[in-house]
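First the proteins, then the strands, lettered A, B, ... as listed; each starts at 1.
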Amino acid sequence: MAKFLTNREENYSQWYNDLVIKADLAENSAVRGCMVIKPYGYAIWEKIQAGLDKLFKETGHVNAYFPLFIPKSFFSKEAAHVEGFAKECAVVTHYRLKNDGKGGVIVDPAAKLEEELIIRPTSETIIWNSYKNWIHSYRDLPILINQWANVVRWEMRTRLFLRTAEFLWQEGHTAHASREEAIEETQRMINVYAGFAENSMALPVIKGYKSENEKFAGAIDTYAIEALMQDGKALQAGTSHFLGQNFAKAFDVQFTDKTGKLDYVWATSWGVSTRLMGAIIMGHADNNGLVLPPKLAPIQVVIVPIFKKAEQLPVISELAGKIKKDLESKGITVKYDDRDNNTPGWKFADYELKGVPVRIAIGPRDIENGTLEIARRDTLSKQIIPSHTASEYIPKLLDEIQINIYNKAVDFRKENTFYVDKWDDFLRIIEEPGGFIMAHWDGTTETEEKIKEETKATIRCIPFDSPEEEGKCIYTGKTSRRRVLFARSY
RNA sequence: CGGGGUGUAGCGCAGCCCGGUUAGCGCAUCUGGUUUGGGACCAGAGGGUCGCAGGUUCGAAUCCUGCCACCCCGACCA
């Protein structure tokens, strides 16, 4: 078979980039660092959106929308927050262009804004400015709002889906009457994300606390889910922040509690982005292209007709149409590809590249025998089934594929998670094969930074379920009570 | 902002060192035909300011100078 992708083992980055482009998910745009998401890629994002949105609603949240622009003064109200984002902000300074007299346009100096506007890198500030007006009493709480939006972070180096200057995401912003309730919400949402990653994206994740160094700018605590990619690097797939009263204090949002006492509101925020697309790609893809989990595949089943003479097509189409209708009635998305400008072999390879979970081929031989050829993307195996069993068999097969690719990812993570107690081993393993390293750490930022300098590995999280055990810090030898998760990351 | 690299057809590249007819190849596109159970084949066609500007020369994709753009490796990061 012809080679369509860069060799994955040789150059993983190049392979990833190739795959995103060739599978028709996205491409680089004319604007530096920005991405065009193409219809096929966006269709996957829509599935992700729909899945998450349902979970958000089930946990009591509603959607709303806040402005793209944030006045500079709002932005700087929370000290840690502005510190964390200042270096990557796009700023609007003018509101008008004018003719430069040479056939072009220039920014009109007369149209300078009184106060510059920041294009949101995240919306805490603009949202809490509104919450100030919405919250007066404990009766106004909780507020459980989510926003689907785009944000801009002016990154130095970008990669399709993993880090782009502008990206699509959702950000939840909640307000609560008590610390406990806010913490509970923070935990609830990290669990929602973990559940989605595992059930829908078929990717196992590790839930944990971020270290002081890695937590969100303005948060008291950041919880994250971390997934292991096939090149041995970690990907932060979602975060949920307990913001304490930091933003309420910055925006002076107080409420009267049941006893008539005035207190600041407790906050959380949480988000996932189009980066999840990158997680799906790097978590499951193989040398033939994408492997999409059935629950997120825009096309779950593709039917490819095989015919020698044009006269054979109507009979095949009739059967294909019937199967399509049967499957669709069970909620399965089916595409019948009867274009005659590509050969079946071309289509097979193309749908594999695009990660379609199940392919049905129907040819004259099948018409004669009353059979279908079923190929599954995850194992690349094929089998012949009686055509009348398709509407029973295919739904079960899709479930099986969903489970199988999850199990594969779990096995991969098991094989690439190392419990390390010696610094020499740490140095060796982080180079080859990479992966997750569970090691003791003395809890200090200094140590974390030294390890980062020497190995490029960071503390991805302090897993919630990391058992208490006596140990010595991998780097300093000081006492430690639990292992933390180290990895190189995206 | 540091270090390295590349700009030649829609995409991927060769040619450049050593200047010389009409700038070439693969993929893609279009036409016609044969094909179609794993990325088909044959024949033909279209498509180029050789990144931009200047210089050297009888002659520049090729040599020189300046500029621009993009990519990779760092610093930054969901």
Side-chain angles (χ1 to χ4, degrees), chain A residues 1-6 11-14 17-18 21-22 27-33 83-89 121-122 150-159 161-171 193 210 213-217 219 222 224-227 234-241 269-279 288-289 304-310 312-313 316 337-354 359-369 371-375 380-382 384 452-453 456 458 460 489-490:
Chain A
M1 194 201 285
K3 227 174 105 184
F4 293 97
L5 296 169
T6 313
N11 186 339
Y12 196 87
S13 305
Q14 189 65 50
N17 207 53
D18 263 26
I21 291 166
K22 290 191 172 139
E27 63 188 23
N28 287 304
S29 81
V31 182
R32 193 207 74 94
E83 167 96 7
F85 285 102
K87 282 176 284 184
E88 51 186 35
C89 285
T122 180
N150 57 341
V151 288
V152 168
R153 297 181 188 177
W154 209 266
E155 301 290 355
M156 295 295 168
R157 290 183 63 196
T158 60
R159 303 242 282 120
F161 289 118
L162 299 178
R163 187 172 307 107
T164 45
E166 177 190 6
F167 56 94
L168 303 182
W169 78 345
Q170 61 66 216
E171 45 181 329
Y193 289 151
K210 282 289 178 187
N213 214 27
E214 298 270 331
K215 74 179 194 192
F216 177 75
T222 291
I225 52 171
E226 294 283 333
L235 185 75
Q236 178 174 310
T239 47
S240 182
H241 315 291
S269 69
W270 28 273
V272 298
S273 70
T274 36
R275 179 176 255 201
L276 293 182
M277 303 277 294
N288 291 327
V304 177
I306 296 161
F307 53 100
K308 288 198 168 60
K309 299 190 184 76
Q312 294 171 319
L313 186 57
I316 294 170
D337 186 355
D338 62 349
R339 293 174 301 169
D340 65 355
N341 52 355
N342 289 117
T343 60
W346 192 93
K347 291 177 189 170
F348 292 174
D350 193 49
Y351 289 110
E352 272 165 23
L353 183 61
K354 294 196 161 113
R359 181 183 72 237
I360 303 175
I362 310 175
R365 216 154 65 202
D366 298 299
I367 297 294
E368 200 174 310
N369 302 334
T371 57
L372 302 170
E373 183 192 84
I374 311 289
L380 293 168
S381 59
K382 292 193 275 202
I384 309 290
K452 186 179 177 184
E453 269 169 42
K456 292 186 204 154
T458 50
R460 301 321 306 154
S489 77
Y490 278 97

Dot-bracket encoding per residue of RNA chain B, Watson-Crick/G-U cut-off under 3.5 Å, | denoting interstrand: ((((((((.[[[[.)....(...]]]].((((((.....)))))).....[[[[[..)....]]]]])))))))....

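- Partners of A/Phe348 by ring-ring contact (aromatic ring centres under 6.0 Å, His included), not counting sequence neighbours: none found.
- With hydrogens and angles ignored, no donor-acceptor pair closer than 3.5 Å exists between the side chain of A/Lys347 and the base of B/rG37.
- In the set B/rG38, B/rA78, B/rC76, the nucleotide with an atom closest to the side chain of A/Glu352 is B/rG38.
- For A/Arg365 and A/Glu373, the salt-bridge test fails: no basic side-chain N is under 4.0 Å from an acidic carboxylate O.
- Taking the side chain to side chain contact (heavy atoms under 4.5 Å, CB included) definition, one finds that A/Leu313 meets it with A/Pro305, A/Phe307, A/Ser317, A/Tyr336, sequence neighbours left out.
- A/Tyr490 has its OH atom 15 Å from the C1' atom of B/rA78, to the nearest Å.
- Counting non-hydrogen atoms under 4.0 angstrom, A/Gln236 reaches the backbone sugars and phosphates but no base.
- Residue A/Phe216 is classed as having no contact, given no heavy-atom separation below 4.0 Å to the nucleic acid.
- Nucleotides B/rC1 and B/rA61 place their P atoms 33 Å apart, quoted to the nearest Å.
- Among the nucleotides B/rG38, B/rG37, B/rA78, the one closest to the side chain of A/Arg359 is B/rG38.
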Show each protein N/O and nucleotides 33-36 of chain B N/O combination with a separation under 3.5 Å, one pair to a line.
| residue | atom | partner | partner atom | Å |
| --- | --- | --- | --- | --- |
| B/rU36 | O2' | A/Phe307 | O | 3.4 |

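- A/Tyr193 meets the ring-ring contact (aromatic ring centres under 6.0 Å, His included) test with no other residue; sequence neighbours excluded.
- Side-chain nitrogen and oxygen atoms of A/Lys456 include at least one within less than 4.0 Å of the OP1 or OP2 phosphate oxygen of B/rG74.
- Taking the ring-ring contact (aromatic ring centres under 6.0 Å, His included) definition, one finds that A/Trp169 meets it with A/Phe167, sequence neighbours left out.
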